[in-house]
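These numbers come from the heavy atoms of this one structure, side chains and all, not from hydrogens, waters or symmetry mates. Computed from a prediction, not measured in an experiment: that's the story for all the values here.
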Amino acid sequence: MEENLVIVESPAKAKTISNFLGKGFKVQSSFGHIRDLSKDNFGIDIENNYSPEYIIPDDKKKVVADLRASAKKASTIWLASDEDREGEAIAWHLCEVLKLNPDNTRRIVFHEITKNAIQEAIENPRDINQNLVNAQQARRVLDRLVGFELSPLLWKKVKPALSAGRVQSVAVRLIVERENEIDNFQSTSFFRVVAQFEFQDKNGKNHKFQAELPAKLKDQAAAEEFLESCRGAGYNVLDVTRKPAKKSPSPPFTTSTLQQEASRKLGFSVAQTMSVAQRLYESGKITYMRTDSVNLSKSALAGARDVIEGEYGAAYSKTRNFSTKTKGAQEAHEAIRPSYLQQKSIEGKRQEQRLYELIWKRTIASQMSEAELERTTARIGISTRPDHLVATGEVLRFEGFLKVYMESSDEESNEQPRGLLPPMKEKDTLQLLQMEASERFSQFPIRYTEASLVKKLEELGIGRPSTYAPTISTILNRGYTVKEDRSGSERNYQVLTLAGDQVTSERKSEILGKEKAKLFPTDIGGLVNDFLVNYFGNVLDYNFTANIEKEFDKIADGKMEWTQMIKRFYPGFHDQVVQTTQNSKKPTGERILGKDPESGRQVSVKVGKFGPMVQIGEAGEEEKPRFAGLLKNQSIKTITLEEALSLFKLPLKIGQFENSDVAIGVGKFGPYARHANKFYSLGKTDDPFSITLERAIELINNKREQDKNKIIRKFDENPGLQILNGRWGPYISLDKENFRIPKSKKPEELGYEDCLQIIEKAREAKKKKT
DNA sequence: CAGTGAGCGAGCTTCCGCTTGACTT
């Protein structure tokens, strides 16, 4: 009965702290929350003042049992979960579940994992803040009520297994509305005038540079008139002004900004960033990766200063404290930074090295001095016109943090890097090389990437660092949105050129709307969003979360009873659900395309139980309607009658191979080629209507080759038993049941008996579990 | 795994936030 038990949320943290505390302290992890609402009847007794019913999920039973055993043996229990709403609730659930005695239970918090911080925390314990716990319960109950009432409504009205929630539904709304903005965008064109000049300095050296007309010209006639009027003109410098400017580094990484920069600079998906960061955290290379704080510990600040002064000199060092501007930030952790700042790079997988270096650079740069620039502006007069052209140059006087790191941007920039202007002064004359007026277009709104959607959600205060990546997965998995590349289409534009005293005109073309890994709404995403916005505009409101957060704060401050808050929301919301269930029509997005020339029956498209489909004929007619699903890249919004009708041509025989028919069809898993009763998926770029027999045979042969490599070993004793190569490495397959191979064994050396042993063991382990 | 859908209809799906393995073929 002498040990102290410290409970934290993460095992990696437990390990680190354990080293600081030494003997007499046992440190264990709760692995996050240990209890959640039951799934029966919402897990909330609505009749009984919204009393929550908590259960311990199966995968937490062992954790709880271990903690219970340790708690029994401990003289004092220290609850050291994070100092935020969720962390406080975890501490409270631990008290409840482990039946901890308040006399020997202490609540402690620390913001950085150093020996001093932890000792200080232990010297200043406090009680559990029940108000903060209640704010968490209100948050949890509200999310459950919203999610579990809206989702079943969608099952009834749209399609089974859909979902809606306070966070995911707003994420979908952002994507759908952005797409609408793009659809409705009217691109306007204008002309931009850029001139190339040559200047000869007093040593006779020639310098080339460019200058631009500040005003844009409204159409081709204006551009032509402008260039014509410049024919034979002289150009001289009206004045030159110099202005100093400064650039400051960005704050160190939070989860959201790390996801954005890893996406822009390394091309990582949000989930990929988190999984690589998790490995870095677990191996002790970086601090915790789920954080909304830009704060660095004192020791990190000192460490950064040492590194910068040693590596670049004292002039490059500037200690900065950043403050969070994010809505609803809870700041239970530090910013994401290297654990040891003197370590510029690490050993490990390529991805880990790249992400680590990004984190190192960002952290170090945040503690460096400003970059100092000098911007030069020269105004250039045109002898035949009152207008003037402007040339700008930028010189870096002092690199500062730019020596290490520069943040990227989501916007496509057409600004060219500006260099130094030649040493011109007032009244100098310039030689015009050529002047170009080129047609430009107003910029379409930009589609979201995973990371820029996270940025937007964070700005709105919706979601938390631990949920950004899972939220993206959810809206992709539900089929509300797809992440895609688009090749774009050609657009023509006009360029007028004044050179050698002649104005010429030329038509050029460029690619418009090329997209890489952008989020597009699907038909179902659009349909569900319109339905929810129409009937539940209050919950789908971009400010809904921000407003209820204010109420959670009141609860946390003890100024409001948490059940009061739910009482104010739920009855009205529930009534909305009941009303909508009874009174709303099924939203189908139906569009009538025309008549089927063969039968004369109506052809329409809509979203059905299995997704978007075409229908020939109507229900209730003598002959039943015929149905066909849309292809993945087709939409009920844009599909034509002709495209819709051709879907009924499938499955389509395209020829013979090895004396059997080859037919192209579309199934549950997309387009396929069928041959001798076997299915072969078509590639992403294969069009089911125009695919050739040659290509189909190629696919068949590829698949056969793959299957050949799939088999590592076969056994004569039992043809149902094989060692196969799968997506996640080698595995044992017995009559369609699969088993993992222990890491200690080499799959190609396993014999028949070995396999049976592994299977036996796996089956026993499974039995124990249940 | 590979067309399903028009309504007699079983029973299933679902939320957000904390956290990692276990697990997928």
Side-chain angles (χ1 to χ4, degrees), chain A residues 8-14 29-37 39 42-43 57 59-60 62-63 81-82 84-90 93 136 139-156 159-169 275 278 281-282 288 290 330 332 462-468 470-471 474 478 545 586 606-611 613 615 617-621 624-629 650-651 663 665-674 677-681 710 724-733 736-740 765 769:
Chain A
V8 294
E9 289 171 58
S10 134
K13 194 168 166 182
S29 159
S30 75
F31 293 83
H33 276 294
I34 54 159
R35 283 206 300 189
D36 192 13
L37 294 175
K39 296 208 174 186
F42 293 153
D59 60 335
K60 286 291 160 61
K62 188 172 179 311
V63 173
S81 47
D82 295 344
D84 59 14
R85 206 159 62 201
E86 298 296 329
E88 203 68 19
I90 288 173
H93 282 300
Q136 193 274 347
R139 199 279 305 153
R140 182 67 193 91
V141 165
L142 183 116
D143 281 337
R144 168 56 66 85
L145 289 170
V146 169
F148 274 38
E149 291 234 355
L150 287 186
S151 301
L153 180 61
L154 294 180
W155 306 341
K156 279 190 204 112
K159 181 171 144 30
L162 292 178
S163 64
R166 174 176 57 84
V167 173
Q168 59 169 288
S169 296
S275 115
Q278 175 89 28
Y281 168 65
E282 281 171 9
Y288 196 57
R290 291 188 276 265
Q330 307 200 2
I462 298 172
R464 304 279 310 132
S466 66
T467 61
Y468 294 139
T471 298
T474 299
R478 298 277 177 274
T545 294
K586 275 189 172 198
K606 65 181 180 190
V607 173
K609 207 155 91 182
F610 303 105
M613 63 170 184
Q615 176 177 335
E618 287 171 273
E621 286 175 2
K624 275 199 167 187
R626 294 170 66 203
F627 302 99
L650 300 172
V666 177
K668 212 162 152 190
F669 311 102
Y672 61 84
R674 185 179 188 151
N677 269 333
K678 280 191 174 164
F679 293 91
Y680 305 87
S681 290
K710 202 177 154 190
L724 302 174
N725 226 337
R727 234 201 308 174
W728 292 281
Y731 65 100
I732 297 171
S733 167
K736 295 209 168 164
E737 202 182 347
N738 302 319
F739 303 89
R740 283 152 55 101
K769 235 183 167 182

Legend entry - Among dC18(B), dT20(B), dA6(B), the one nearest Glu282(A) by side-chain distance: dT20(B)
Inset, instruction - Measure from the side chain of Pro11(A), starting at C-beta and using heavy atoms only, and say which of dT14(B), dT19(B), dC16(B) lies closest. - result: dT19(B)
Inset, instruction - Would you check if Phe42(A) and Leu145(A) make a side-chain contact, meaning some heavy-atom pair closer than 4.5 Å? - result: yes
Inset, instruction - To the nearest Å, give me how far apart NZ (Lys159(A)) and C1' (dG5(B)) are. - result: 12 Å
Legend entry - Quiz item: Lys606(A) side-chain donor-acceptor pair to dA6(B) base, under 3.5 Å: yes
Inset, instruction - Starting at atom NZ of Lys60(A), determine the distance to atom C1' of dG21(B), rounded to an integer number of angstrom. - result: 11 Å
Inset, instruction - Grab the CD-C1' distance between Gln136(A) and dC18(B) for me, whole Å please. - result: 9 Å
Inset, instruction - Name the nucleic acid region contacted by Glu149(A), choosing base, sugar-phosphate or nothing; use a 4.0 angstrom heavy-atom cut-off, strictly under. - result: nothing
Legend entry - Between dC1(B) and dT24(B) - P atom distance, rounded Å: 14 Å
Inset, instruction - Scan Tyr281(A) against the nucleic acid and name what it touches under 4.0 Å (heavy atoms): base, sugar-phosphate only, or nothing. - result: sugar-phosphate
Inset, instruction - With heavy atoms under 4.0 Å as the rule, sort Ala89(A) into base, sugar-phosphate or nothing. - result: nothing
Legend entry - N or O in side chain of Thr467(A) less than 4.0 angstrom from dC16(B) OP1/OP2: no
Inset, instruction - Give Lys156(A) one of three labels, base, sugar-phosphate or nothing, depending on what nucleic acid heavy atoms sit under 4.0 Å from its own. - result: nothing
Inset, instruction - Write down the distance separating the C1' atoms in dG5(B) and dG9(B), rounded off to the nearest Å. - result: 15 Å
Inset, instruction - Would you tell me whether Glu9(A) and Ser29(A) have side-chain atoms, one donor and one acceptor, within less than 3.5 Å of each other? - result: no
Inset, instruction - Taking the side chain as every heavy atom from C-beta outward, state whether Glu88(A) and Gln136(A) have any pair of such atoms under 4.5 Å apart. - result: no
Legend entry - Arg144(A) CZ to dG17(B) P, straight-line distance once rounded to whole Å: 14 Å
Legend entry - Short side-chain N/O contact from Tyr680(A) to OP1 or OP2 of dA2(B), under 4.0 Å: no
Inset, instruction - Would you indicate what Val146(A) reaches in the nucleic acid, counting non-hydrogen atoms under 4.0 angstrom: base, sugar-phosphate, or nothing? - result: nothing
Legend entry - Euclidean distance for P, dA2(B) against dT25(B) (whole angstrom): 15 Å
Inset, instruction - Using the P atom as the reference point in each nucleotide, state the distance between dG7(B) and dG11(B) in Å, no decimals. - result: 22 Å
Inset, instruction - Check whether the side chains of Tyr288(A) and Arg290(A) place a donor and an acceptor atom closer than 3.5 Å, and report yes or no. - result: yes
Legend entry - Touch class at under 4.0 angstrom, heavy-atom based, for Gly667(A) against every strand present: nothing
Legend entry - Residue met sooner reading DNA chain B from 5', once Trp155(A) and Gly463(A) are mapped to nucleotides: Trp155(A)
Inset, instruction - Indicate whether OP1 or OP2 belonging to dT20(B) is found under 4.0 Å from a side-chain N or O atom of Gln278(A). - result: yes
Inset, instruction - Just call it for Leu150(A): base, sugar-phosphate, or nothing, with non-hydrogen atoms closer than 4.0 Å on any strand. - result: nothing
Inset, instruction - Under 4.0 Å between any heavy atoms, over every strand shown, what does Gly611(A) touch: base, sugar-phosphate, or nothing? Just pick one. - result: base
Inset, instruction - May I ask you to say what Arg85(A) touches in the nucleic acid, namely base, sugar-phosphate or nothing, with a heavy-atom cut-off under 4.0 Å? - result: nothing
Legend entry - Phe31(A) over dT20(B), stacked by centroid distance under 5.5 Å, angle under 30°: no
Legend entry - From OG (Ser169(A)) to CG (Leu154(A)), nearest 0.5 Å: 7.5 Å
Legend entry - Whole-Å distance separating the NZ atom of Lys39(A) from the C1' atom of dT13(B): 10 Å
Legend entry - Sugar-phosphate, base or nothing in reach of Glu618(A), heavy atoms under 4.0 Å: nothing
Inset, instruction - Using a 4.0 Å heavy-atom cut-off across all strands, classify Asp36(A) as base, sugar-phosphate, or nothing. - result: base
Legend entry - Ion pair check, Arg140(A) and Asp36(A), cut-off under 4.0 Å: yes
Inset, instruction - Using a cut-off of strictly less than 4.0 Å, decide whether Gln168(A) has a side-chain nitrogen or oxygen near OP1 or OP2 of dC16(B). - result: yes
Legend entry - Point-to-point distance, once rounded to the nearest 0.5 Å, from CZ of Arg35(A) to NE2 of His93(A): 5.5 Å
Inset, instruction - Establish, with yes or no, whether the OP1 or OP2 oxygen of dG3(B) is under 4.0 angstrom from a side-chain nitrogen or oxygen of Tyr672(A). - result: yes
Legend entry - Contact under 4.0 Å: Ser30(A) side-chain N or O vs dC18(B) OP1/OP2: no
Legend entry - Along DNA chain B (nearest heavy atom to each residue), the more 5'-positioned of Val666(A) and Lys586(A): Val666(A)
Inset, instruction - Scan Phe42(A) against the nucleic acid and name what it touches under 4.0 Å (heavy atoms): base, sugar-phosphate only, or nothing. - result: nothing
Inset, instruction - Look at the side chain of Arg290(A) and the base of dC18(B), then say whether one donor and one acceptor between them are separated by less than 3.5 Å. - result: no
Legend entry - Phosphate-side-chain proximity, Arg478(A) and dT14(B), N/O vs OP1/OP2 below 4.0 Å: yes
Legend entry - Contact under 4.0 Å: Ser466(A) side-chain N or O vs dC18(B) OP1/OP2: yes
Inset, instruction - To the nearest Å, give me how far apart CD (Glu9(A)) and C1' (dG17(B)) are. - result: 10 Å
Legend entry - Is_stacked (Phe610(A), dT4(B)) at 5.5 Å, 30 deg: yes
Inset, instruction - Considering just the side-chain nitrogens and oxygens of Arg35(A), establish if one lies under 4.0 Å of OP1 or OP2 belonging to dG17(B). - result: no
Legend entry - Within-4.5 Å side-chain heavy-atom neighbours: Tyr281(A) and Ser10(A): yes
Inset, instruction - Answer yes or no: is there a side-chain heavy-atom contact under 4.5 Å between Ser30(A) and Ile90(A)? - result: yes
Legend entry - Candidate nucleotides dG17(B), dT19(B), dC15(B), ranked by approach to the side chain of Arg140(A) - the nearest: dC15(B)
Inset, instruction - Can you figure out which of dG17(B), dT14(B), dT19(B) approaches the side chain of Ser151(A) most closely? - result: dT14(B)
Inset, instruction - Report yes if the ring of Phe148(A) lies under 5.5 Å from the six-membered base ring of dT14(B) with planes under 30°, and no otherwise. - result: yes
Inset, instruction - Using only side-chain N and O atoms of Arg464(A), determine if any of them is under 4.0 Å from OP1 or OP2 of dC18(B). - result: yes
Legend entry - Phe627(A) CZ to dG5(B) C1', straight-line distance once rounded to whole Å: 5 Å
Legend entry - Short N-O contact, Glu86(A) and Arg139(A), less than 4.0 angstrom: yes
Inset, instruction - Give Ser163(A) one of three labels, base, sugar-phosphate or nothing, depending on what nucleic acid heavy atoms sit under 4.0 Å from its own. - result: sugar-phosphate
Inset, instruction - Indicate, with a heavy-atom threshold strictly under 4.0 Å, whether Pro625(A) touches base, sugar-phosphate, or nothing. - result: nothing
Legend entry - Rounded interatomic separation in angstrom, taking CG from Leu153(A) and P from dT13(B): 18 Å
